[in-house]
Amino acid sequence: MSKQNNKQHNRIRLAISLFFFSHGLILSSWASRIPTIKTYLGLSEAELGTLLLLMPIGQISTMPLSAKLINRYSSKTIVKFGFLIYPLILLILGLSTTYIQLAIDLFLFGVAGNLCNISINTQGVELESLMNKPMMSSFHGVWSISSFAGALIGLLMFSLKLTTSIHFAVVMIIILLIWLLNFKLLVHTIPTNKDEQDKGSIFKHLDKTLIQLGIIGFLSMAIEGAMFDWSGVYFQDIVKAPEQLIIIGYTSFVLMMAIGQFLGDYLVTKLGRKRVIQLCGTFMSSGLIIAVLTPNIWVCTLAFMIVGLGSSCSVPTVFGIAGKHSKVSASISLTLVSTISFLGFLIGPPAIGFIAEWLDLRYSYALFAIFGVIMVLMASRLKVLQDN
């Protein structure tokens, strides 16, 4: 009987993994076509920059709504409908012909993306509870792989000279096939705490533990955002890498981040969540310091790989802890921690730019290296980690 249950749980795990894959594929498909859409609509850099802000605004502004919907109707129901809406909005993005239309679509794209993100992470936490073992890092690893897949599909579509709308229609078909084969297998849970379904703000559930977890997530995602947006510039301006090797810093970071995510669940089992977060903070801090002190192309490539390993497990581990809060439902605790964490991803890259403009990009990275040290110190003191 236990073998049968284990087989069933593994099939559920595959289903959840495929929805994580779907989320990353949709988002990376959009990202791969940004230059094409910019050219097609004749957008300036400033206009494009303003447009790109609308997606995160849509994400953050509807986070409380996402939590309430998931808490009321279950994460399975929200995944079921969310992953029908999300690829549909992607297709509509590909059909946009005006600046205003694209602006509205991007805001809705952020709303749908957040709804899918919170609900599928809640599914991951719920399956962790059923199987009594960590799985969040591997789920996020699947998401990273889907980002590569989305980029490769985008490259193929571009080389075949297919339009953006056809590209997004193909992606939508892929997502619908995944949806048809997997949505019935998701974990179904009914919220037990009806007090959380009232009309009050979800932020009333924000306690010291969730704030501290959110800050750890904020620090980690600030570094992650800095690496995503500035690694190429660092290799260009500071490392002085040849033009064809400028991308190697970003690639090494993303590659090791994906590898680390698949190792994360094993490390959590062997070392515990507290030690994993401490290692993540140490790796991120050390990698950034090495890159700052030795701006050599090969040393910096190794340093960025170390940062990638550090970035890989910290946020999934924090989400896994938040989702098991004893007094708050997984959907609400994940939303609260995600909201604080995601601010780091938004604030980090612009902060890097301001500091670099005032001083130098190396000073920016050196300052962000301190974030890793703070993560280590916070993990050492956070009570919820003492038994993990």
Side-chain angles (χ1 to χ4, degrees), residues 22-62 85-117 146-175 225-237 241 243-244 246-247 249-251 254 342 345-354 356-357 361:
S22 298
H23 189 282
L25 181 62
I26 292 169
L27 189 59
S28 59
S29 296
W30 151 249
S32 71
R33 282 289 182 164
I34 291 176
T36 307
I37 293 173
K38 178 180 180 292
T39 302
Y40 175 71
L41 294 180
L43 303 174
S44 67
E45 279 72 12
E47 287 174 328
L48 179 62
T50 302
L51 277 175
L52 294 179
L53 278 174
L54 291 171
M55 188 171 73
I57 288 173
Q59 290 174 316
I60 289 182
S61 63
T62 55
I85 297 170
Y86 199 24
L88 177 61
I89 297 176
L90 175 71
L91 179 60
I92 294 172
L93 280 172
L95 296 171
S96 299
T97 56
T98 67
Y99 184 88
I100 296 298
Q101 184 183 354
L102 186 60
I104 296 170
D105 293 343
L106 273 175
F107 178 83
L108 295 175
F109 192 61
V111 172
N114 175 66
L115 195 64
C116 291
N117 178 47
S146 70
S147 297
F148 282 111
L152 290 175
I153 291 173
L155 184 63
L156 174 63
M157 296 293 174
F158 191 78
S159 64
L160 293 174
K161 301 186 184 305
L162 297 176
T163 64
T164 301
S165 57
I166 293 176
H167 174 186
F168 289 172
V170 170
V171 172
M172 183 176 178
I173 292 170
I174 294 171
I175 303 303
M227 296 300 293
F228 273 116
D229 289 5
W230 289 94
S231 56
V233 179
Y234 196 88
F235 263 63
Q236 183 180 50
D237 295 348
E243 184 176 357
Q244 67 273 20
I246 287 174
I247 197 174
Y250 171 81
T251 305
V254 173
F342 194 74
F345 203 83
L346 292 180
I347 296 172
I352 286 277
F354 287 127
E357 183 72 21
L361 192 52

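No hydrogens, no waters, no symmetry mates; every other heavy atom, side chains included, goes into these values.
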Do [X] and [Y] have side-chain heavy atoms sitting under 4.5 Å apart?
| X | Y | result |
| --- | --- | --- |
| Met172 | Leu90 | no |
| Thr62 | Leu115 | no |
| Val170 | Met157 | yes |
| Leu106 | Trp30 | yes |
| Leu51 | Tyr99 | yes |
| Met55 | Leu27 | yes |
| Phe107 | Ser61 | yes |
| Phe109 | Asp105 | no |

So which heavy atom on [X] is nearest to which on [Y], and how close?
| X | Y | answer |
| --- | --- | --- |
| Gly232 | Ile246 | O-CG2, 3.3 Å |
| Ala226 | Ile352 | CB-CG1, 3.7 Å |
| Phe342 | Pro56 | CE2-CB, 4.1 Å |
| Leu25 | Gly150 | CD1-CA, 3.6 Å |
| Val171 | Ser29 | CG2-OG, 3.4 Å |
| Gly94 | Thr164 | CA-CG2, 3.8 Å |

Would you give the length of the straight line joining atom [atom1] of [X] to atom [atom2] of [Y], rounded to the nearest 0.5 angstrom?
| X | Y | atom1 | atom2 | result |
| --- | --- | --- | --- | --- |
| Ile166 | Lys161 | CD1 | NZ | 13.5 Å |
| Phe168 | Arg33 | CZ | CZ | 7.0 Å |
| Leu361 | Ser231 | CG | OG | 10.0 Å |
| Leu102 | Leu54 | CG | CG | 8.5 Å |
| Ile37 | Thr97 | CD1 | OG1 | 11.5 Å |
| Ser96 | Ile92 | OG | CD1 | 8.0 Å |

| message | Main chain of Leu43, side chain of Glu47: is a donor-acceptor contact present, judged purely on distance under 3.5 Å? | response | no

| Are Phe158 and His167 close enough that their ring centres sit under 6.0 Å apart? | no

| said: For Thr163, give me all partners under side-chain hydrogen bond (donor to acceptor under 3.5 Å, both in side chains), at least two apart in sequence or on another chain. | reply: Ser165

| request: Please identify each residue that fulfils side-chain hydrogen bond (donor to acceptor under 3.5 Å, both in side chains) with Ser28, with sequence neighbours left out. | output: none

| said: Suppose we screen for side-chain contact (heavy atoms from CB on, under 4.5 Å). Which residues come up paired with Ser22, at least two apart in sequence or across chains? | reply: Phe83, Ile175, Ile178

